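All of these numbers come straight from a predicted model, not from anything done at the bench. So you know, we letter chains A, B, ... as the sequences are listed, proteins then strands, and number each from 1.
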Amino acid sequence: MITTRFAPSPTGYLHIGGLRTALYSYLWARKNEGKFLLRIEDTDLARNSQEATVAIEKAFEWTGLAHDGEVIYQSKRFDLYKKYIQQLLDEDKAYHCYMSREELDDLRATQKANKQRTKYDGKYRDFDSTPPEGISPVVRIKSPINRVITFTDGIKGEISVNSDDVLDDFIIARSDGTPTYNFVVAIDDALMRMSDVIRGDDHLSNTPKQIIVYEALGFEIPKFYHVPMILNSKGQKLSKRDGAMDVMGYKDEGILPVALLNFLIRLGWSNGDQEIFSKDEMLELFNPSNINKSASAYNYEKLIWLNSHYIKTLPYQELIEELKYFDVDISINEKKEILIDSLRERAKTIKEFAQSINTIIKAPVEYEAKGCKKWLKNEWKEILTNYVEYLKNSGDLDLPEEFEKITDDFMLKNEIKLRNLAQPLRIAMVGSPVSPSVFDVISIIGKDELIARVEKLITEK
RNA sequence: GGCCCAUUCGUCUAGUGGUUAGGACACCGCCCUCUCAAGGCGGGAACAGGAGUUCAAGUCUCCUAUGGGUCACCA
């Protein structure tokens, strides 16, 4: 049974790095018909916010990463953690430390001055006399002395460190009695029967600490996968300053969730030359053991390319739903398929898509000056007037092909080149010389509307 | 600074001792064309450096350099 989890601390929105590890965890659990759990790491009562948790769930919903069971809050499990703290105290695997913050600061300062690694010196490790007055103690765990700790990371391979280099007797309970991160993570992962912990690279150096906790409590150690960071385009760690971090920001940009997920899975993972992965393919092919070892840079261009790919291939109904987010509802438009097909190849985002739909279905309120200057010259008025007249006498016309045929006849009879008709027509229809095929646009807005827009242009220009 | 991790085109990557080092994004050129796109075809572009091991090294070993992570009563 594979069980994975996503365990964010609720300090802000869900960012794309988090979404990627969540995706990996989700895929690995689903692929193996296991469980994917969501746990909120809110042991620091002062820091967490309810809104952050809501934001994370919202992002999960948008991207379709469904977690199993209820959300688990560590802040609601303090009694449980206390029990284990007491157990370690009773077994002499942990102890009270009465060192004041000032004393600790001084210790660190001298160590730093001597160019030593800052670490707790173990002053109270074997203390059995009367503790100093007026200090509420913290609880520290007894770390092994001069022992090599080895574990196999599913991505990085075997990693071993000497306890003296990286560990000290770290605090597992603060002086107010609340437990600390590295302690509760190990307990929860064990109690929730986590088989595979897939998390960011930044936790790699926490792993030895957590292993100490697993061992002290006699828990089974899960398999770890530490996935490399996502860098910005300059090769530095992605930060809020780089923007485009909040997952929900992508929705506002008009990025499709499938595109985001596809982009994220390819950042640090691959399957030969394949670039496009449906959710089913992701489930079929993904395996955390072939995640790359090195960090990868965020590449917006590729995301956009993926997004336009999905815009080109998504079913009509899904696109119609996506467009509603941008206040464009074409569900009852009779020409919605033609409208979508004529624009989907040009749109890079849903937002852009919505904008171009509006330029077609709403009559232009102004005309682009440059386009007018270039194309509204010589006998453009005459051509358009004749064309409108010709259409009026051509009976019922509906589909683009029908308009194209009639227009061919018109051009032949009047010896007109298509571009000399099409460009003024575009300006009349959408206000600029850029649009999909004129026949598609004419068909979408209909003959009457076309005539109205042309007449308006002729009177105004 | 200690410890840990990483290093193939600008970017994402393929590559598991013998490859003309492959693909994708981006870029450039050509074609198509009613504009803009899309699409098709083509092009330039990489094994961080140095020592080894080997008949043979992008692939194995070591050193150096560079980048990253981490060293809290944060998570």
> For A/Phe6 and A/Phe60, what are the C-alpha separation, side-chain angles and deciding distance, and is it a ring-ring contact (aromatic ring centres under 6.0 Å, His included)?
Replying inline: CA-CA 11 Å; A/Phe6 181 58; A/Phe60 263 39; 5.7 Å; yes

> Can you check ring-ring contact (aromatic ring centres under 6.0 Å, His included) on A/Phe219 and A/Tyr84, steps first, answer last?
Replying inline: CA-CA 12 Å; A/Phe219 289 143; A/Tyr84 286 106; 5.8 Å; yes

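Two rings, from A/Tyr181 and A/His203, have their centers less than 6.0 Å apart.
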> In the 5'-to-3' direction, what one-character label does each nucleotide of nucleotides 26-32 of chain B receive under the scheme B = base within less than 4.0 Å of a protein heavy atom, S = sugar-phosphate only, - = no such atom?
Replying inline: S------

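A close approach under 4.0 Å does occur between a side-chain nitrogen or oxygen of A/Arg174 and OP1 or OP2 of B/rA75. Taking side-chain N and O atoms only, A/Arg419 has a distance below 4.0 Å to OP1 or OP2 of B/rU35. Regarding contacts with the backbone of B/rU70, every side-chain N or O of A/Lys209 stays at 4.0 angstrom or more from both OP1 and OP2. Here A/Thr118 reaches the OP1 or OP2 of B/rA72: one of its side-chain N or O atoms lies under 4.0 Å away. Residue A/Ser270 places at least one side-chain N or O closer than 4.0 Å to OP1 or OP2 of B/rA14. Side-chain N/O atoms of A/Ser296 include one lying less than 4.0 angstrom from OP1 or OP2 on B/rU13. Side-chain nitrogen and oxygen atoms of A/Arg108 include none within less than 4.0 Å of the OP1 or OP2 phosphate oxygen of B/rG1. In terms of phosphate contacts, A/Thr43 brings a side-chain nitrogen or oxygen within less than 4.0 Å of OP1 or OP2 of B/rA75. Close to B/rA14, at under 4.0 Å from its OP1 or OP2, lies a side-chain N or O of A/Asn292.
Protein atom CG of A/Leu264 is 22 Å distant from nucleotide atom P of B/rA24, rounded to whole Å. For A/Ile360 and B/rU35, the CD1 to P distance is 17 Å, given to the nearest whole Å. The distance from atom CZ of A/Arg117 to atom P of B/rC71 is 11 Å, rounded to the nearest whole Å. When the P atom of B/rU11 is taken as reference, atom OH of A/Tyr298 falls 17 Å away, rounded to whole Å. As a whole-Å value, the separation of A/His226 NE2 from B/rC4 P is 16 Å. Following rounding to the nearest Å, A/Ile230 (CD1) and B/rG67 (C1') show an atom-to-atom distance of 17 Å. Rounded to whole angstrom, the span from the CZ atom of A/Phe263 across to the C1' atom of B/rU11 amounts to 10 Å. B/rA14 atom C1' lies 15 Å from atom CG of A/Leu285, rounded to whole Å.
A donor-acceptor contact under 3.5 angstrom links the side chains of A/Ser435 and A/Arg426, judged on distance only. Residues A/Asn182 and A/Gln210 have side chains that bring a donor and an acceptor to within less than 3.5 angstrom of each other.
When each of A/Arg125, A/Lys123, A/Lys119, A/Arg140 is paired with A/Asp169, the salt bridge (charged side-chain N to carboxylate O under 4.0 Å, His left out) condition holds for A/Arg125 and for no other.
Of the C1' atoms belonging to B/rU20 and B/rU11, the separation is 24 Å, rounded to the nearest Å. Only the P atoms considered, B/rG2 is 15 Å distant from B/rC63, to the nearest whole Å. Nucleotides B/rG52 and B/rG17 place their C1' atoms 16 Å apart, quoted to the nearest Å. With C1' as the reference atom, B/rU16 and B/rG22 are 16 Å apart, rounded to whole Å.
Of the two residues near RNA chain B, A/Asp201 and A/Asn299, the one whose nearest nucleotide lies more 5' is A/Asn299. Of the two residues contacting RNA chain B, namely A/Leu204 and A/Ala347, the nearest-nucleotide position lying further toward the 5' end is that of A/Leu204.
A/Tyr24 has its side chain within reach of A/Trp269: a pair of non-hydrogen atoms, C-beta onward, lies under 4.5 Å apart. With contacts defined as side-chain heavy-atom distances shorter than 4.5 Å, the pair A/Leu376/A/Ile427 qualifies. Contact annotation: the side chain of A/Arg77 approaches that of A/Leu191 to within less than 4.5 Å [non-hydrogen atoms, C-beta and beyond].
Note on A/Arg426: a base of the nucleic acid sits closer than 4.0 angstrom, heavy atoms only. Nucleic acid contact class of A/Lys312 (heavy atoms, under 4.0 Å, all strands): sugar-phosphate only. Using a 4.0 Å heavy-atom cutoff across all strands shown, A/Val438 reaches at least one base atom of the nucleic acid. At the heavy-atom level, A/Asn182 lies under 4.0 Å from base atoms of the strands shown. Heavy atoms of A/Val138 sit under 4.0 angstrom from at least one base atom. Note on A/Pro208: nothing from the nucleic acid sits closer than 4.0 angstrom, heavy atoms only.
Under the Watson-Crick or G-U wobble criterion, with both distances below 3.5 Å, B/rC32 has no partner in any strand shown. Taking a pair to require two hydrogen-bonding distances under 3.5 Å in either a Watson-Crick or a G-U wobble arrangement, B/rA24 pairs with B/rU11. Checking B/rU54 for Watson-Crick or G-U wobble geometry (two distances, each under 3.5 Å) identifies no partner in any strand. Figure legend. B/rA6 is base-paired to B/rU66; pairs are counted as Watson-Crick or G-U wobble with both atom distances under 3.5 Å. Nucleotide B/rC73 is matched to nothing when pairs are restricted to Watson-Crick or G-U wobble geometry with both distances under 3.5 angstrom.
Judged by distance alone, with hydrogens and angles left aside, the side-chain atoms of A/Ser270 form no donor-acceptor pair with the main-chain N or O of A/Arg266 at under 3.5 Å.
Geometric assessment of A/Lys351 against the ring of A/Phe326 yields a negative cation-pi assignment under the 6.0 Å and 45° thresholds.
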Please list each protein N or O that sits under 3.5 Å from an N or O in nucleotides 16-22 of chain B, with the distance.
from   : atom 1 : to       : atom 2 : distance (Å)
B/rG22 : N2     : A/Asp273 : OD1    : 3.1

Below 3.5 Å is the cut-off: list the nitrogen or oxygen pairs between protein and nucleotides 40-48 of chain B, distance only.
none

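Using bins of under 30°, 30° to 60° and over 60° for the plane-to-plane angle, the ring pair A/Phe127/A/Tyr124 lands in the perpendicular bin.
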